[in-house]
Amino acid sequence: MARDGSSWLSELGQRVITSEDSEEDRLNKTLAIFASALMGFGVMLWLVIYWAMGIRFSSTVPLVYMVITAASLSYYLWRRNFALFRFIQTSLFLFVPFIMQWSIGSYVSSSGVMLWALLAPVGVMMFQGPRESMPWFFAYIVLTLISGFFDYYLGEGNQQGVNMQTIAVFFALNFAAMSTIVYLLISYFVRQRDKLAERLDVQNKLLQVEQDKSERLLLNILPGPIAARLKEQHATIADGFADVTVMFADIINFTRLSEEMPPKIMVTMLNEVFTHFDELAGKHGLEKIKTIGDAYMVAGGLDIHHLHADDLGVEREYSKAMCALALDMVEFMAAQSYMAAQPGIMTSQMHIHVGIGTGPVVAGVIGMKKFIYDLWGDTVNLASRVTAEAGAGTILLDDTTWARVREDFEFEEPRIISVKGKKGEVTIHRLLGRKAPAQAS
C-alpha cells in the first residue's frame, strides 16, 4: 500500500514538473504551487479561527476560493497548461482578499485582510519579472483605493459585532501570516536561485574544461597567434614573412618499412617518432607546421617577435635553434630500431635525412573543415630539394642559413646542387655537429 502511494506521488510529481522543463520553469512551477498551498492553508485557518471565536459571516468566499484553486490545479495536472493555472491563482490572490473584506465590512472590521492581495504582484514579480508585475500592482493599488472610498463615504461605524480587541488580534494575525508567507516564498526563491546558480557554476566549469580542451586541440593544429586570429575573424588568413628558416626531415626507406611492418606497429612507431620530434621542436622554441606521410616540417621565425627583427635589433637565433633541433632529431633516430613483420628477423636502424633553408615565405590557413596552416614559396621548395640531396643521417643547409650559424657549428666543404625553378644552382653545406665552446669563441 505504501509502495502504491509512493508511486502515485512520483507520477503526480512528474505531471507537475516534466523532464523537458528548464531550471527556471521548474522553479516557477514549484513556487506557484507552494504559494497556492500556503494561501489555501491561510484562508482555511483564518476561517476556522473566526468561527471558533463565535464570529459568524458568510463562508461562501473562502469555500469558492478553495473550489476554484482545486479545479485549476486539477486542470493543470490534466492539460499541463501552467500559464492558465498561474493566471487563475494570481487573480484569486488579488481579488479574494478584497471580496472577503467587503463581505465582512470595513478595513478595520476585516482586520486588514486585503493585505493578502499583495501576494499577487509579489508572486508575479518572482515568477515572471518586474515588468509583468506592474499591472497587478496597479490593480492592487486601485482596489485598495476603492476599499478606502467605501470605508470613508459608505461606512456607518458598524463593525458587525466585532469588538476592538478581536480586531486588534486579527490585525496582528493577518500581518503576521502575510509577512510569513511572503518571507517563506522569498526565502524559498532565494535558496532555489542559489542552487540554480551552483548548478550553473558547475556547468560553466565543465564548459570551461571542454573549451580548454578545444583550445589545446586548436593550438596543436595552429600556431598560437594564428589560432587567436582564426577565432576572432572569418576572413582569409595570409601573411608574408621576409625571413623564415624551414626544415624538412624524412624517414629513409619508409615505404619499404611500411610494407614489412603490420599497420598498427607502423602507425605506432611513426606516432612515437613524431611525438618526440614535437617535444624537441617545443624545447627549441620552433613551430611544427605539419607532417606529410613520413616527412616532418618545422619553421622558425613565424612569431610576432620576428616580424620586424631587423627593426628591433634582434638576432635571428631561430636558425641556430633549427640546426640544434636537426642534430637532436638525427641523434634520436640513430638510437631507434624497427621490428620486421616476420618473427626472428633482426631489427634494423631507422635514419632520417634533413634539409634546411632560410628566406621569405607566405603562410596562411587553407580550408574551413580539416583546415591546415601551411607555408609556400621558394624557401620551402629549396628546403625540400635540399632534403632530397641528403643521405642517411645527413643534415644539409643552404648558404643563407650556413652564414648565420657557421660560428657555432661545424661543416664539411660546401658543394653545389641544381634546384628546379628560380633558384637554379645553389650552394649547400653539410652540418656535422656543434663546435666546442672554445672553438665557437
Side-chain angles (χ1 to χ4, degrees), residues 1-2 4-21 25-52 55-104 110-111 113-128 132-133 136 139-140 143 170 173-174 176-189 192:
M1 190 71 179
D4 293 339
S6 177
S7 61
W8 182 81
L9 288 175
S10 177
E11 183 178 353
L12 183 61
Q14 293 176 0
R15 296 293 299 178
V16 174
I17 299 175
T18 66
S19 58
E20 299 177 355
D21 291 334
D25 291 338
R26 292 169 182 261
L27 179 58
N28 288 339
K29 289 181 178 180
T30 304
L31 282 172
I33 295 176
F34 185 45
S36 300
L38 287 176
M39 188 72 167
F41 176 78
V43 168
M44 295 305 298
L45 181 63
W46 182 87
L47 185 60
V48 168
I49 293 176
Y50 260 96
W51 278 71
I55 303 173
R56 299 293 187 265
F57 58 85
S58 176
S59 60
T60 304
V61 176
L63 292 178
V64 169
Y65 168 81
M66 297 301 296
V67 170
I68 296 177
T69 297
S72 64
L73 181 59
S74 300
Y75 185 79
Y76 166 61
L77 295 176
W78 179 35
R79 292 293 187 179
R80 292 182 176 178
N81 190 338
F82 178 67
L84 179 60
F85 171 76
R86 182 177 57 196
F87 176 79
I88 292 175
Q89 289 302 306
T90 305
S91 300
L92 291 175
F93 293 168
L94 178 65
F95 292 108
V96 167
F98 285 99
I99 295 175
M100 290 181 65
Q101 174 176 314
W102 298 338
S103 67
I104 295 173
S110 66
S111 305
V113 71
M114 73 174 193
L115 184 64
W116 289 72
L118 185 59
L119 191 61
V122 171
V124 173
M125 181 180 296
M126 295 169 60
F127 303 152
Q128 298 175 263
E132 289 78 4
S133 69
W136 295 94
Y140 170 79
L143 290 174
F170 275 92
L173 287 176
N174 283 328
M178 183 57 193
S179 301
T180 301
I181 290 177
V182 171
Y183 175 80
L184 290 177
L185 286 175
I186 294 177
S187 176
Y188 183 83
F189 174 79
Q192 295 301 315

Partner residues of F87 under the ring-ring contact (aromatic ring centres under 6.0 Å, His included) criterion, sequence neighbours left out: W136

Any residue meeting ring-ring contact (aromatic ring centres under 6.0 Å, His included) with F85, in chain and number order, not counting sequence neighbours: Y76

Considering all heavy atoms, the nearest P97-A117 contact: CG-N, 3.5 Å

Minimum-distance pair of heavy atoms, taken over all atoms of L118 and Y140: N-CE1, 3.6 Å

By side chain to side chain contact (heavy atoms under 4.5 Å, CB included) - contacts of I99 (at least two apart): V61, F95

Qualifying residue for side chain to side chain contact (heavy atoms under 4.5 Å, CB included) with Q89, from T69, L94, L73: T69

